[in-house]
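Here is the structure we will look at.
Numbers for residues simply follow the sequence, beginning at 1.
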Amino acid sequence: MNILEVVLFVVAVVGVVALGIWKSRGDGDGDTGEASSYFLAGRGLTWWLVGFSLIAANISTEQFVGMSGSSANWLGMAIASYEWMAAVTLVFVAFWFLPKFLKAGLYTIPEFLQYRFDGVARLAMALPAIVTLVFVTTSSVIFSGAKFVSEYYNEVPVLNSLTAMCWLIAAIAAIYVFIGGLKACAWTDLIWGAALVLGGAVVMYFAFNTLAERPAEELILTKVDNSEATVADLENASAWERLMLLNDGKDGEAVAVNGPNQSGGKIHMVRPKEDSDIPWTALLIGLWIPNFFYWGLNQYIVQRTLGSKSLAEGQKGIVFAAALKLVIPFVVVIPGILAFNLFSADLHAGAADKNIKAFEKINETQVVAVDADFVELQPELAAKALAHNAAVAGEAAAPASSDPTELADTINSLASAATSKTSGDAETTKVTQAAKLVGYDYDAAFPVLVRNLIKPTPLISWFVLAALCGAVISSLASMLNSASTIATMDLYSKFSGVTDSARLVKVGRGFVVLFVLLAALVAPKLDNFESIFKYIQEFQGFISPGILAVFIFGFFSPRTPRWFGVVGIVTNVIAYAAFKWAIGPWLVSKGWWYSGEIAFLDRMAICFFIVLLIGVLVTLIKPMANPVVLPVNDKIELTTSKGAQIVGVGIVILTIALYIVFW
């Protein structure tokens, strides 16, 4: 461990956190009540604080680890749709959502449902929101931050422990938000947001330099299967040309195809409709749902816009964040693709060690799943997995196939057969899948890049480390603040009737402690998931389509019955579960779906339209006699920013241009 790197790193993190806490003690503009100051930064945030805070809250190791990992795998540039579509989404949020929220003077998003529908709808959104914030987003950011640190210092005792780092990161973030509230988050976000983009650019610069110097004979081994590039082509190419040759072919012939990593080109935004994660069909409807929910209705993100000094300041801040979102794929997604081209051996080494440890822990009531890369790279362990699954399934182990894909299919078929049976005579015991053994640890892509490229340069590495660590702390602080805001204002205050500001802040701080303990307990267990980014998005499917549909009626249909709020939310949960575990597999088994499974984004779209249809029907059949009138907050300036409108249109046009270039 380099002492200079550690000293500079600690000074930077502690200094910025101290700055945030100090600024949180200053007087804010607007509403200076104690609860408003703690939960909404006194409603005094200017556009540059709002913009950088949105980016820093959103872009954390969750993206640098999860999104880079997904791009290192087969998705490649397609994962950038979450960023570029977000830019367009933010423009709509600035001019459709924010005016309504600020006009109503909200503390929380579920509070809107109380005014438009009823208290049950508010509760139906608040409870899942808390669960999502604590057990999904907060725990995943703790995990991804710990994953980064433990991978970076993989030879340093304690620091290389995923569990130890989860608890350390959680403790630091809890102390930070406990003291400073949202205003502390906003001021530190100003620094961390800029540092994150710059830090990612530094990593990308080093990655391209290394790509330019790496022997062509090594790079050709990571070429996608449908690229016609040769060693000679690579030898005469620049760094950018090498990236394209390896992942897009000589003349763009390496189109995206459905299949495992290296099956097809990765420099494409549009994936085949059979793709399990982001089929092109999802770009039409499905991907817009989590985007609009995340940027427009997610308390963790929207809370900093609710703290805007005025509507114009909030709109300018959101549009500024939208512009930054167009840059993110170049410092997150492309480095992820490069990580596989440069350090696929390191990604395998990390996975191989985890595979051995996971297999040693399984028992006679557990089976394992595998992928073809694992079978090819760890043939001896694959043979043991075949024998084990066959024994648990009670079937004779077939001779091992020489084809990795066929052998992987055989092992997985045995696992499926075993989990559909029971074992034991006196007491029935269900067979479960213990782990999935994989060829590469894709979530380690960005940590591996930083460890190999940046670590040898301590005068630079401390900055990248501080930016990433600061982003984790800031994101966690924002999440904990948002979860405690919902728990305090939507649950405690509503049911207890307490309105005293000082008391509400104390209760909010108590919730911070409780939530961080729960999230830290869950975080280490996320290491069992193949992709942390997919885990987060899949979970959102149970929540976001229904809530988005309900809010659409809340915004634009004043005569929709109040009871539709809770009906729409609950309907989505039931429908999504049905399409995930029952209806979807049944449709696929009958051959009535165009791919081997219904992608989670397509499930979101289906459920979204189901809730919309129900909303239309109940509005037509039983409309309210009198339209709902929402409250009006006269303490904030609600004039729209003309300049933000012009820039917003430019961002939409630029996003379309990027899709054309990387189609």
Exam field: side chain Arg603 to backbone Ile598, donor-acceptor pair closer than 3.5 Å: yes
Heavy-atom distance under 4.5 Å between the side chains of Val50 and Leu54, does that happen here? yes
Which atoms form the tightest heavy-atom contact between Pro272 and Ala256, and what is the distance? CG-O, 3.6 Å
To the nearest 0.5 Å, what is the distance between NZ on Lys273 and OG1 on Thr281? 9.0 Å
Ser81 vs Tyr659, side-chain hydrogen bond (donor to acceptor under 3.5 Å, both in side chains): CA-CA, chis, key distance, verdict: CA-CA 9 Å; Ser81 282; Tyr659 266 90; 2.7 Å; yes
Note, Leu106 side chain near Tyr115 side chain (heavy atom, < 4.5 Å): yes
Look at the side chain of Arg562 and the backbone N and O of Phe117, then say whether any donor-acceptor pair between them is shorter than 3.5 Å. yes
What closest approach, in Å, do Asn633 and Ala104 show between heavy atoms, and which atom pair accounts for it? CB-C, 4.2 Å
Stepwise side chain to side chain contact (heavy atoms under 4.5 Å, CB included) test for Thr138 and Phe143: CA-CA 9 Å; Thr138 301; Phe143 162 75; over 6 Å; no
Quick check on Phe208: does its CZ atom have over 12 non-hydrogen neighbours (other residues, nucleotides or ligands) under 6.0 Å away? yes
Rounded distance (nearest 0.5 Å) linking atom CG of Leu283 with atom CH2 of Trp84: 12.0 Å
Worked verdict on Arg122 versus Glu111 for side chain to side chain contact (heavy atoms under 4.5 Å, CB included): CA-CA 6 Å; Arg122 179 180 185 177; Glu111 189 179 356; 4.0 Å; yes
Could you tell me whether a side-chain N or O of Asn247 sits under 3.5 Å from a main-chain N or O of Leu243, the two making a donor and an acceptor? yes
Between Glu313 and Ser310, does any side-chain donor sit less than 3.5 Å from a side-chain acceptor? no
Salt bridge between Asp248 and Lys266, side-chain N to carboxylate O under 4.0 Å? no
Do Phe52 and Phe320 have ring centroids that are under 6.0 Å from one another? yes
Parallel, tilted or perpendicular: rings of Phe555 and Phe97 (30°, 60°): perpendicular
Side-chain (Ser641) to main-chain (Ala644) donor-acceptor, under 3.5 angstrom: yes
Looking at every non-hydrogen atom in both residues, tell me the closest pair between Leu113 and Ile569 and how far apart they are. CD1-CD1, 4.1 Å
Report yes if the distance between the aromatic ring centroids of Phe92 and Trp288 is under 6.0 Å, otherwise no. no
Would the distance check show the side chain of Trp280 and the main-chain N or O of Arg271 forming a donor-acceptor pair, the cut-off being under 3.5 Å? no
Classify the angle between the aromatic ring planes of Phe112 and Phe551 as parallel (below 30°), tilted (30 to 60°) or perpendicular (above 60°). parallel
What verdict does the side-chain hydrogen bond (donor to acceptor under 3.5 Å, both in side chains) test give for Thr485 and Thr108, after you've listed the backbone C-alpha separation in whole Å, the side-chain angles of each residue and the deciding distance to 0.1 Å? CA-CA 7 Å; Thr485 302; Thr108 71; over 6 Å; no
Enter the distance from Leu306:CG to Leu102:CG here, rounded to the nearest 0.5 Å. 6.5 Å
Hey, could you give me the CG/CD distance between Leu311 and Glu637, rounded to the nearest 0.5 Å? 8.0 Å
Note, Lys103 side chain near Leu630 side chain (heavy atom, < 4.5 Å): no
Given 3.5 Å as the limit, does a donor-acceptor pair link the side chain of Asn572 with the main chain of Phe542, or not? yes
To check you understand the geometry: which heavy-atom pair defines the closest contact between Ile55 and Ala321, and what is its length? CD1-O, 3.5 Å
Hey, are the side chains of Gln645 and Gln315 touching, using non-hydrogen atoms and a 4.5 Å cut-off? no
Side chain of Glu83, backbone of Lys325: donor and acceptor closer than 3.5 Å? no
Trp240, CH2 atom: more than 12 neighbouring heavy atoms under 6.0 Å: yes
Answer with yes or no whether the side chains of Gln303 and Ser482 bring together a donor and an acceptor at under 3.5 Å. yes
Are any of the side-chain heavy atoms of Phe553 and Val616 separated by less than 4.5 Å? yes
Are the side chains of Ile285 and Phe609 in touch, meaning some heavy atoms are under 4.5 Å apart? yes
Of all heavy-atom pairs between Val319 and Ala94, which one has the smallest distance, and what is that distance? CG2-CB, 4.4 Å
I'd like to know if the side chain of Ser70 reaches the main chain of Met67, judged simply by a donor and an acceptor atom lying under 3.5 Å from each other, with no hydrogens or angles considered. no
Does any donor atom in the side chain of Trp74 or Asp275 lie under 3.5 Å from an acceptor atom in the other side chain? yes
Atom pair OG1/CG of Thr640 and Leu98 - distance to nearest 0.5 Å: 9.0 Å
Atom CZ of Phe292 and atom CG of Leu297: how far apart are they, to the nearest 0.5 Å? 10.0 Å
Tell me if a side-chain donor or acceptor on Ser68 pairs with a main-chain N or O of Phe446 at a distance below 3.5 Å. no
Which of Val134, Leu133, Thr132 passes side chain to side chain contact (heavy atoms under 4.5 Å, CB included) with Ile130? Answer is Val134
Close side-chain approach of Pro279 to Asp602, heavy-atom, < 4.5 Å: yes
Search all heavy atoms of Ser71 against all heavy atoms of Ile79 and return the closest pair with its distance. CB-CG2, 4.0 Å
Between Met604 and Phe608, is any pair of side-chain heavy atoms under 4.5 Å apart? no
Is a side-chain N or O of Ser139 found less than 3.5 angstrom from the main chain of Ala519, in a donor-acceptor match? no
